[in-house]
Amino acid sequence: MKPEQFPEALQPDLVPTPSGELFYRCLGCAAEFDIRTLLYTCPECGRVLLIHDRRFDRLKKRSPEHWRRLFDYRRMLTIPALTGIYRYHEFIGPIIPLDAVVYLGEGHTPMVMANAPLQERVGMRFFFKNDGQNPSASFKDRGMASALSYINFLIRSGVLSEVLAVCASTGDTSAAAALYAAYLQPRIKSAVLLPHKKVTPQQLSQPLGSGARVYEIPGVFDDCMKVVEALSEQYDVALLNSKNAWRILGQESYAYEIAQAFEYEMADKVVVVPIGNAGNITAVMSGFLKFHQVGLIDDLPMILGVQSAHADPVYQYYREAETAKRRFVAQSVRPSVAQAAMIGNPVSMPRVIELARHYDETAGRQRVHVVQVTEQAIMDWQLRANRNGHIACTHGGECLAGLAHALAQGVVERQATAVLDATAHALKFVGFQELYFENRFPADYEVQPDPELINAPVYMHPRDLERVPSPGAPLDGQDLERFVQAITSAIAGDLDLKKRS
Ligand SMILES: Cc1ncc(COP(=O)(O)O)c(C=O)c1O
């Protein structure tokens, strides 16, 4: 069904917002800028920007019931442009016409409830929302779908003819950027900067496979970020890091989906996110605030940000209870299993400070908390989660470690229900699982395996057999029969199986 065939009551507000209605606003000096320019920081004071909708109030003219019905209705449709994050089109870049929307299967990731043993172990009801089930296997696809739809729109409207998209990355941003750029080639090409040996082989393979130009840089993410910032200041390139406010808009869909999944009942909910460059927590707060503003949710959920003790500048900032005394200090990071969040100078810190203050004020109490966890706790909880049927990456493990810690500290109440952001697929970070299982963590990670969580393959090699299969020389006849029987008996013995009577 086409949008124009929707029942009248569900007609979407898809009239592209006239330019000028959507604009960038500087978080420092409140200067406003034309949305049709590629802009990442304020040309006047150099601080980060957020996108505002001058006509946001028009969204309040439609009742919360209207929005609920519209979103539920779109859930049943198969129009690609309304299938992903743009189910919430009016809230995510309403200037982008549907035919410029890029949809690669992102969004609407499953929320998987923890089983009874895991809930019991943690002490409360919770879900993992598996953002590793996005096309490039991380939550970054949400923001990338938005940023690339916007660039596609600029190309289609003749503002740009071709674009080189660049980003610095701890692995996942580059995978997502390269994937979406590849879909839009040849008009859009991508180049990504990675800290040498600080992304996993799986992550490195992604931009390479998508055809991006990949540069490895000595140092950490923060160093790569400085280079792409210089590139975007001095050359005609599109910056795809979350400094780009379009990324934040797309990532707000994570909050919208959670609200819709809980039928907009958010009073007793806790949303747990790992913090690195702080784009994700910015987007999640911003998304819930917008739904609250239009009356779609009556209560703001608690936001629990989690950082490893090896990269915790945001935690250190909020550790100071008195707002006036808080000072942000950029950090040197230490190696962390939550490697994609190993960032000492988060680009979105000013956004976090601004939005967390607004969030708490709107809620009328402290609703944003940041906790710190150990590397050990991250690994243990990640592996424990996955032993109970999840596919959490180390950052998902970080969320679970943070939830358990916050519960023990009394920050989170047992009666609440939590949603944990499993930001990437476990398979992207299997190297850390291997280090744990083989007890080979370098000392600076400070991780000792819990024997209960270790697992290793059992190699079956029946020594009394003369011949065993080797590549290129298959067994047959009696050799094969004896081999199969010997292995079968050995496995039955190992598993203590009862023989069929
Ligand atoms: C898997 C994963 N989790 C968490 C983060 C941290 O998110 P943010 O940088 O938006 O705080 C990242 C960022 O690179 C990531 O790739």
Side-chain angles (χ1 to χ4, degrees), residues 48 109 128-134 136-144 146-147 167-177 179 192-195 198-200 202-204 206-207 220-222 224-225 228 240-245 247-252 254-255 271-287 303-308 311-315 333 336-352 355-356 370 373 378 382 391-402 420-430 432:
V48 279
T109 50
F128 269 110
K129 185 161 168 65
N130 286 341
D131 258 26
Q133 287 177 257
N134 275 303
S136 80
S138 92
F139 76 100
K140 304 281 184 179
D141 297 324
R142 296 176 180 277
M144 230 36 100
S146 163
C167 68
S169 177
T170 51
D172 294 325
T173 301
S174 59
L179 178 68
V192 305
L193 275 74
L194 303 171
K198 292 194 181 61
V199 305
T200 70
Q202 296 76 13
Q203 289 173 313
L204 176 59
Q206 292 186 282
V220 291
F221 167 83
D222 299 286
C224 297
M225 192 65 217
V228 291
L240 287 185
N241 281 96
S242 53
K243 196 163 197 178
N244 178 333
R247 288 270 316 279
I248 304 291
L249 271 191
Q251 286 174 200
E252 286 171 4
Y254 185 80
V271 177
V272 191
V273 289
I275 308 178
N277 222 6
N280 200 19
I281 190 167
T282 297
V284 170
M285 289 189 289
S286 176
I303 306 291
L304 183 67
V306 190
Q307 293 211 291
S308 157
D312 64 354
V314 185
Y315 167 76
V333 292
S336 172
V337 295
Q339 186 167 267
M342 226 177 89
I343 295 173
N345 191 11
V347 160
S348 284
M349 192 64 203
R351 291 169 172 156
V352 173
L355 282 167
V370 181
V373 292
I378 298 174
Q382 185 220 353
I391 49 168
C393 63
T394 44
H395 313 81
E398 186 176 24
C399 288
L400 188 50
L420 279 59
D421 196 345
T423 44
H425 200 289
L427 291 177
K428 284 202 187 203
F429 296 91
V430 284
F432 293 116

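By convention here, the first residue in the shown sequence is residue 1. Every number for a ligand or one of its atoms is a count from 1 in the order of the listing. Keep in mind that what you see is a predicted model, and the values were worked out from it rather than measured.
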Side chain to side chain donor-acceptor pair (under 3.5 Å) for D141 and S136? Distances and angles first, verdict last. CA-CA 7 Å; D141 297 324; S136 80; 2.7 Å; yes
Within ligand 1, which atoms have a heavy atom of D172 less than 4.0 Å away? 1 (C), 2 (C), 15 (C), 16 (O)
Tightest non-hydrogen contact, residues D172 and F429, listed as OD2-CZ, 4.0 Å
Is there a nitrogen or oxygen of I343 sitting under 3.5 Å from a nitrogen or oxygen of ligand 1? no
Closest to atom 11 (O) of ligand 1 by heavy-atom distance, out of A424, G276, S348, is G276
In the protein, which heavy atom is nearest to atom 5 (C) of ligand 1, and how far is it? F139 CE2, 3.8 Å
Q251 N/O under 3.5 Å from ligand 1 N/O: no
What do you reckon, does F221 put a non-hydrogen atom under 4.0 Å from ligand 1? no
Between K140 and ligand 1, find which residue part has any heavy-atom pair under 4.0 Å and reply side chain, backbone, both or neither. side chain
Mark the output for P274 as yes if a heavy-atom distance to ligand 1 is under 4.0 Å, and as no if none is. yes
Check N280 against ligand 1 and report side chain, backbone, both or neither, counting heavy atoms closer than 4.0 Å. both
What is the minimum heavy-atom distance between N280 and D421, and which atoms define it? ND2-OD2, 3.0 Å
Quick check: do F432 and Q382 have side-chain heavy atoms less than 4.5 Å from each other? no
Residues R351 and S242: closest non-hydrogen pair is NH1-O, 2.6 Å
For G279, is at least one N or O under 3.5 Å away from an N or O on ligand 1? yes
Nearest non-hydrogen protein atom, atom 2 (C) of ligand 1: T423 OG1, 3.4 Å
Under 3.5 Å between some N or O of ligand 1 and some N or O of N277? yes
Looking at ligand 1, is there an atom of it that comes within less than 4.0 Å of some heavy atom belonging to A278? yes
So do P274 and E398 actually touch side chain to side chain, heavy atoms under 4.5 Å? yes
Before signing off on this row, confirm whether T170 and ligand 1 have an N or O atom pair separated by under 3.5 Å. yes
Closest non-hydrogen contact found for A338 with T394 is CA-OG1, 3.9 Å
Using a strict threshold of under 4.0 Å (side-chain N to carboxylate O), is an ion pair present between R142 and D131? yes
Show the atoms of ligand 1 that are less than 4.0 angstrom away from any heavy atom in I275. 11 (O)
Are L193 and M225 side-chain neighbours, meaning at least one heavy-atom pair lies under 4.5 Å? no
Test item: V430 and Q202 side chains (from C-beta on) under 4.5 Å apart, heavy atoms: yes
Among all protein heavy atoms, pick the one closest to atom 15 (C) of ligand 1 and tell me residue, atom and distance. A340 CB, 3.3 Å
